[in-house]
Amino acid sequence: MIDLRLLRDNPDVVRASQQARGDDPALVDAVLDADARRRTSLTEFEGLRAEQKALGKQVAKASGDEKAALLAKTKQLAEDVKARQAAANAAEAELDELLYRIPNVVEGAPPGGEDDYVVLKEVGTPRDFAAEGFAPRDHLELGEGLAAVDTARGAKVSGSRFYFLTGIGARLELAILNAAMDQAVAEGFTPMITPTLVTPATMRGTGFLGAHADEIYRLERDDLYLVGTSEVALAGYHGDEILDLSGGPRRYAGWSACYRREAGSHGKDVRGIIRVHQFHKVEMFSYCAVEDAAAEHARMLAWEEAMLAKVELPYRVIDTAAGDLGTSAARKFDCEAWLPTQQRYLELTSTSNCTTFQARRMNVRERTDDGTRPVATLNGTLGTTRWIVAILENHQQADGSVRVPEGLRPYLGGLEVLEPVR
RNA sequence: GGAGACGUCGCAUAGUCUGGUCUAGUGCGCCACCCUGCUAAGGUGGUAACGGCGCAAGCCGUUCGCGGGUUCAAAUCCCGCCGUCUCCGCCA
């Protein structure tokens, strides 16, 4: 939820943000209008309520005829209070409903839609397979050759976009996730294994039930949602709490399964394990003071790049355009690895600065010298199942074997090459 | 799944039976000041969040797990839900 005070004091900032995202700027005026009505009706209610309380005290002291007279007076007042309270509550609900529809105010992201990202840098050089004298195999062919990935049986058991990681494939995923977790711990993050089923309040608070609600699995019988990332649970972790951030950001590294319906992506990335309904992820999450958020965002990106360096992938960093930001994000950087068989970049990490948007919804504050205020929250990817795709393709050799990047060898018992089993 | 107990201002608790004097008391912790060779102890005062009005001082409202209800009036009575603990049942 955005800052109502900001919207009141600087509506043009919010209008401009709406414009940049391609959302409706008129929503700002609807909120201003609803806010005015709420305050009017709240003032009316509070005045009457104060009167009622004062009279109530007199009733308690009075007796006999005096009491009867007071009771007659107060009876009518009670009805008025009830009516005004209902009106005030309705006005508040109306305001909330409108306010919840405004996504976070964009901060520094380039304008435009999905294709209007800005490339911040490119790191490493894609291999020239023609020069090496062989055509690269795609990740599924490699994965099947290594007996590491089984999508056919995944589909048999669970349907399309499900898979088994088998043998060295399962070990490879664990290696990636363990390397990510170890790096996070070394940087001072608290490792966390989080719930993957959350309440509607938690899901709503993190901003995932807005425009992209179709992406989320819901267990109707139990009124719970399956998370698409441990960010959801980690954002809820300190809900309704007042934190002491005087010692710097609170950093958590969440390990969890992630579930996505992929409802709008029929026909996209259908082959292999690029886009699947279930995968695992190690996610960084940080609660920090709002002044520190941009710097923390830069640190998150640096930690993601450190992981990418460990697996020796060529990648680029993009600054996501305003129209492609999630509801909660004010700015987002993605790291995309080169995918040789598709001659394109594939998103491996994504780090978002949610400023105070999530914290307002989840009611996470920090204590300052003069009271409390919402904190900033940030999140970023340190490793996922999808990384297997890029690692297999980029480190493959002519015979179908795959060289293990040095950063992962300690997690695979020193193994240097994954050999095909056929 | 069944039975019972419980949920109060950071923590611990009083208050609920018998609705109004609860403007929620007390202890601990914390902050300020005082006292004091040092330390320990002691004294005094202060110590929630959110919202509205106001230039401000301040005034007012909301919140006793959450949501309804009864009543002139609810921490207190009634209903529903959530959570915690104990016991039983079932099961990894």
Side-chain angles (χ1 to χ4, degrees), chain A residues 1-9 31-100 102 193-205 218-225 232-233 236-247 250 257 287 289-290 356-375:
Chain A
M1 161 163 68
I2 65 162
D3 184 359
L4 183 57
R5 204 145 295 164
L6 170 78
L7 188 142
R8 281 211 282 254
D9 297 344
V31 168
L32 286 172
D33 191 50
D35 181 44
R37 273 181 278 122
R38 160 187 158 263
R39 283 191 283 169
T40 305
S41 83
L42 191 59
T43 303
E44 283 176 2
F45 159 67
E46 287 183 352
L48 278 180
R49 180 72 174 137
E51 204 180 320
Q52 184 188 35
K53 285 175 76 169
L55 271 177
K57 271 179 193 142
Q58 291 179 40
V59 171
K61 285 181 201 147
S63 58
D65 288 349
E66 196 191 353
K67 186 159 189 167
L70 280 170
L71 281 180
K73 197 169 159 191
T74 206
K75 196 140 193 164
Q76 177 59 44
L77 189 57
E79 274 176 41
D80 290 350
V81 166
K82 202 162 247 181
R84 301 288 178 137
Q85 179 161 38
N89 287 347
E92 175 115 42
E94 198 187 330
L95 171 66
D96 277 350
E97 199 273 320
L98 287 167
L99 200 54
Y100 261 76
I102 298 186
I193 292 173
T194 66
T196 53
L197 291 171
V198 299
T199 61
T202 302
M203 192 53 95
R204 183 172 148 87
R218 172 154 183 243
L219 300 186
E220 181 131 22
R221 233 179 117 123
D222 299 288
D223 202 16
L224 290 168
Y225 291 95
V232 176
Y237 187 68
H238 283 304
D240 293 320
E241 293 181 25
I242 299 172
L243 305 177
D244 177 7
L245 294 179
S246 58
R250 292 252 205 145
Y287 294 89
V290 66
T356 58
F357 186 88
Q358 274 180 340
R360 273 177 212 286
R361 287 190 171 194
M362 300 305 303
N363 193 25
V364 184
R365 291 160 291 166
E366 65 168 322
R367 199 169 291 288
T368 62
D369 289 338
D370 39 27
T372 69
R373 59 171 194 176
V375 303

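Sequence lines set the chain letters: A, B, ... in the order given, protein chains first and strands last, and positions in each chain run from 1. Note: hydrogens, waters and symmetry copies are ignored here, and every other heavy atom, side chains too, is used.
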Task: Between C11(B) (C1') and I242(A) (CD1): distance, integer Å - done: 15 Å
- [ ] Would you mind pulling out the nucleotide paired to A40(B), Watson-Crick or G-U wobble, both distances under 3.5 Å?
- [x] none
Task: Interatomic distance, D223(A) CG vs G80(B) C1' [rounded to whole Å] - done: 16 Å
Open item on the list: Can you check the distance between C55(B) and C64(B), where both ends of the measurement are the P atom (answer in whole Å)?
Closed with: 32 Å
Open item on the list: On RNA chain B, compare the nucleotides closest to Q85(A) and R8(A); which residue's is nearer the 5' end?
Closed with: R8(A)
Task: RNA chain B contacts made by residues 42-55 of chain A, counting heavy atoms under 4.0 Å - done: L42(A), T43(A), F45(A), E46(A), R49(A), A50(A), Q52(A), K53(A)
Open item on the list: For a quick test of reading the model: is some side-chain N or O of T372(A) closer than 4.0 Å to OP1 or OP2 of C50(B)?
Closed with: yes
Open item on the list: So, does R367(A) get its side chain near the phosphate of G10(B), meaning an N or O under 4.0 Å from OP1 or OP2?
Closed with: no
Open item on the list: Tell me whether D244(A) is salt-bridged to R367(A), with the criterion being a basic N under 4.0 Å from an acidic carboxylate O.
Closed with: no
Task: Span that lies between the P atom of C50(B) and that of G10(B), in whole angstrom - done: 13 Å
Open item on the list: When both hydrogen-bonding distances must be under 3.5 Å and the geometry is Watson-Crick or G-U wobble, what is C59(B) paired with, if anything?
Closed with: G52(B)
Open item on the list: With a 3.5 Å limit on both atom pairs, tell me what G25(B) is paired to, counting Watson-Crick and G-U wobble, or say none.
Closed with: U13(B)
Task: C72(B) pairs with, by Watson-Crick or G-U criteria that keep both distances under 3.5 Å - done: G20(B)
TODO: Look at the side-chain N and O atoms of R39(A) and state whether any lies under 4.0 Å from the OP1 or OP2 oxygen of C53(B).
DONE: yes
Open item on the list: How many whole angstroms separate atom CG of L4(A) from atom P of C50(B)?
Closed with: 15 Å
TODO: For C66(B) and C59(B), measure between their P atoms and round to the nearest Å.
DONE: 27 Å
Open item on the list: Can you check the distance between U63(B) and U23(B), where both ends of the measurement are the P atom (answer in whole Å)?
Closed with: 13 Å
Task: Presence of R38(A) side-chain N/O under 4.0 Å of G51(B) phosphate oxygens OP1/OP2 - done: no
- [ ] Take the protein atom CD of Q76(A) and the nucleotide atom P of U71(B), then report the distance between them rounded to whole Å.
- [x] 15 Å
Open item on the list: Expressed as a whole number of angstroms, how long is the span from N363(A):CG to C50(B):C1'?
Closed with: 9 Å
Open item on the list: With rounding to the closest Å, how many angstrom separate the C1' atoms on G68(B) and G51(B)?
Closed with: 23 Å
TODO: Measure from NZ or CZ of R250(A) to the centre of the six-membered ring of Y237(A) and say whether it is under 6.0 Å with the direction within 45° of the ring axis.
DONE: no
- [ ] Let me know the distance between CZ of R5(A) and P of C50(B), rounded to the nearest Å.
- [x] 10 Å
TODO: Could you tell me which nucleotide pairs with G45(B) by Watson-Crick or G-U wobble geometry, both distances under 3.5 Å, or answer none if nothing does?
DONE: C31(B)
Open item on the list: How about CZ on R37(A), more than 12 heavy atoms from neighbouring residues, nucleotides or ligands closer than 6.0 Å, or not?
Closed with: yes
TODO: Determine the Euclidean distance between corresponding P atoms of A74(B) and C17(B); express it in Å to zero decimal places.
DONE: 14 Å
Task: Rounded distance [0.5 Å steps], CG in L95(A) versus CG in L4(A) - done: 6.0 Å
Task: Member of K82(A), Q76(A), R84(A) meeting the side chain to side chain donor-acceptor pair (under 3.5 Å) criterion with D80(A) - done: Q76(A)
- [ ] Please name the pair of heavy atoms, one in V375(A) and one in A359(A), separated by the smallest distance, quoted to 0.1 Å.
- [x] O-CB, 3.1 Å
- [ ] Please report, rounded to the nearest Å, how far the C1' atom of G52(B) is from the CG atom of D35(A).
- [x] 11 Å
Open item on the list: Could you tell me how far C9(B) sits from U76(B) if I compare only their P atoms? Round to whole Å.
Closed with: 15 Å
TODO: Go ahead and name the base partner of G4(B); Watson-Crick or wobble counts if both distances stay under 3.5 Å, otherwise write none.
DONE: C85(B)
Task: Between R361(A) and Q358(A): side-chain donor-acceptor atoms closer than 3.5 Å - done: no
TODO: Rounded off to whole Å, could you give me the CG-to-C1' distance for the L99(A) and G51(B) pair?
DONE: 14 Å
- [ ] Output the single nucleotide from A49(B), U70(B), C72(B) whose closest atom is nearest the side chain of K82(A).
- [x] U70(B)
Open item on the list: Students often get this wrong, so: under 4.0 angstrom with heavy atoms, is R84(A) touching a base, only sugar-phosphate, or nothing?
Closed with: nothing
Open item on the list: Quiz question: by atom type and distance under 3.5 Å, do the side chains of N89(A) and Q85(A) form a donor-acceptor pair?
Closed with: no
Open item on the list: Measuring only the C1' atom in each nucleotide, how far is G20(B) from A3(B)? A whole number of Å is fine.
Closed with: 37 Å
Open item on the list: Show the nearest heavy-atom pair for residues M362(A) and T202(A), with the distance to one decimal.
Closed with: SD-O, 4.1 Å
